[in-house]
Amino acid sequence: MSNPIAKLVSGVFGKRGLAGGNVAPADKPLKLRAYDREDFAVVSAVLQDALVPVIDMAWLPEEQRFALVANRFRWERRAPAGDLPDQPAETGPRTDTESGADSGQLPETAADADARFEDAPLYERVHCGITFDRVEQVAYRGFSKDARGHVLELLAVVADDQGITVTFAGDAALRLQGANIVCHLEDLGEPWPTQWRPSHARADQDSQAGGQERAPDANRNGKHT
């Protein structure tokens with residue numbers, strides 16, 4: 001494993017064997033169980049920037065369970081950031097030397113740029129089922145559980161002594177109250193490719209510009225293309 005998320009998953013859960021979940025290689029579906037703050041820090045890392053349709057959330061009070069299905073970016077499979085096609089454009093005008101005028105090379109054309117984009121490394125997203133057990137109460141902030149067509153962007157999963165807080169973009173949050181909450185996370189089905197990597201810098205700029213949603217769009221199932 002060559003990236004921090006994969007190492008984090010392996011480091012925390014690998015030492016526990018099955019007690020912490022099944023730690024698969026980065027090219028296999030992820031399956032984890034979380035019991036304490038260290039575990040939930042890993043869950044938070046692998047779910048960062050996941051898309052969660054409100055319609056795919058369910059509170060089952062008789063079972064003391066809260067379940068959701070997320071469309072998560074597979075951070076454990078991410079490519080080097082420098083190879084991304086959606087990196088910010090360089091600042092300032094290019095000089096003749098930079099554009100190739102003095103070296104006899106032709107400036108890059110739109111076709112060249114398209115080819116470079118197509119050759120860029122592919123990333124992956126996958127649907128992921130997450131359940132929280134031993135949940136006694138649920139509270140929502142910044143969104144309604146009845147807003148069935150709304151899709152939330154997950155930022156973090158934070159555990160404390162009284163429960164779990166799941167935060168989303170736009171100052172939305174989900175509070176799961178209960179002692180000793182246990183989380184089960186499992187990838188569902190096959191991942192699909194995407195050339196878009198979540199960009200927090202871009203999200204911050206959009207927020208400052210009036211909260212415009214950043215590309216790419218999500219459909220009703222929260223699926224990036």
Side-chain angles (χ1 to χ4, degrees), residues 29-34 39-75 123-160 162-178 181-192 194 196-200 202-225:
L30 198 60
K31 185 176 182 180
L32 302 173
R33 292 195 297 270
D39 294 349
F40 277 102
V42 178
V43 169
S44 181
V46 300
L47 288 179
Q48 186 177 31
D49 298 299
L51 301 177
V52 184
V54 174
I55 195 172
D56 290 334
M57 292 181 173
W59 163 226
L60 308 172
E62 293 184 359
E63 300 178 30
Q64 291 193 320
R65 171 176 293 177
F66 191 91
L68 59 90
V69 176
N71 158 353
R72 77 174 187 89
F73 184 86
R74 298 191 72 204
W75 288 106
Y123 304 90
E124 291 182 344
R125 279 186 170 269
V126 67
H127 284 119
C128 182
I130 305 105
T131 61
F132 299 89
D133 290 302
R134 304 175 186 170
V135 177
E136 299 172 0
Q137 292 181 328
V138 177
Y140 307 84
R141 185 188 74 197
F143 73 100
S144 170
K145 61 181 173 51
D146 297 321
R148 312 284 283 177
H150 192 45
V151 178
L152 300 167
E153 181 181 10
L154 195 151
L155 300 181
V157 179
V158 180
D160 58 49
Q162 285 76 45
I164 305 293
T165 300
V166 183
T167 60
F168 303 97
D171 199 32
L174 174 68
R175 177 63 182 177
L176 307 177
Q177 199 77 10
I181 290 178
V182 176
C183 174
H184 296 78
L185 177 155
E186 183 173 357
D187 288 342
L188 308 172
E190 295 296 323
W192 62 89
T194 176
W196 297 100
R197 176 181 184 271
S199 171
H200 298 130
R202 184 187 304 164
D204 292 342
Q205 293 170 1
D206 288 344
S207 177
Q208 294 172 2
Q212 298 177 354
E213 186 175 357
R214 58 187 172 93
D217 292 332
N219 64 16
R220 180 174 176 275
N221 292 319
K223 187 169 183 176
H224 275 305
T225 56

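- Remark: R134 pairs with no residue by the side-chain hydrogen bond (donor to acceptor under 3.5 Å, both in side chains) rule, at least two apart or across chains.
- For the atom pair Q177 CD and D160 CG, the distance stands at 7.5 Å (nearest 0.5 Å).
- Side-chain contact check for W59 versus Q137: every heavy-atom pair is 4.5 Å or farther apart.
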Requested in this report: Take F66 and L174, measure what side-chain contact (heavy atoms from CB on, under 4.5 Å) needs, and give me the verdict at the end.
Outcome: CA-CA 11 Å; F66 191 91; L174 174 68; 3.5 Å; yes
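- Comment: D171 engages R141 in a salt bridge, judged by a side-chain N to carboxylate O separation of less than 4.0 angstrom.
- We find the CG-CD1 distance between L68 and I130 to be 4.5 Å, quoted to the nearest 0.5 Å.
- Across every non-hydrogen atom of V54 and S144, the tightest pair is CG1-O, 3.7 Å.
- Separating the CZ atom in R74 from the CG atom in D187 is a distance of 6.0 Å, to the nearest 0.5 Å.
- A salt bridge does not link D133 to R33: none of the charged side-chain nitrogens sits closer than 4.0 Å to a carboxylate oxygen.
- In plain terms, the two heavy atoms of I181 and G163 that are nearest each other are CD1-CA, 4.1 Å.
- Nearest approach of V126 to W192, heavy atoms of both residues: CA-CZ3, 3.8 Å.
- Taking all atoms of both residues into account, the shortest heavy-atom contact from W196 to T194 is N-OG1, 3.1 Å.
- Among all heavy-atom pairs drawn from F40 and A159, the shortest one is CD1-CB, 3.8 Å.
- The heavy-atom pair separating A70 from A50 by the smallest distance is CB-CB, 4.0 Å.
- Between F143 and F168, the ring-plane angle classifies as perpendicular under the 30° and 60° cut-offs.
- Once rounded to the nearest 0.5 Å, the distance linking CZ of R72 with CZ of R125 reads 10.0 Å.
- Rounded to the nearest 0.5 angstrom, T167 OG1 and R175 CZ are separated by 12.0 Å.
- In this structure, the separation between NZ on K145 and CD1 on I55 is 13.5 Å, given to the nearest 0.5 Å.
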TODO: Assess whether side-chain contact (heavy atoms from CB on, under 4.5 Å) is satisfied between L47 and L185, documenting all intermediate values.
DONE: CA-CA 10 Å; L47 288 179; L185 177 155; 3.9 Å; yes
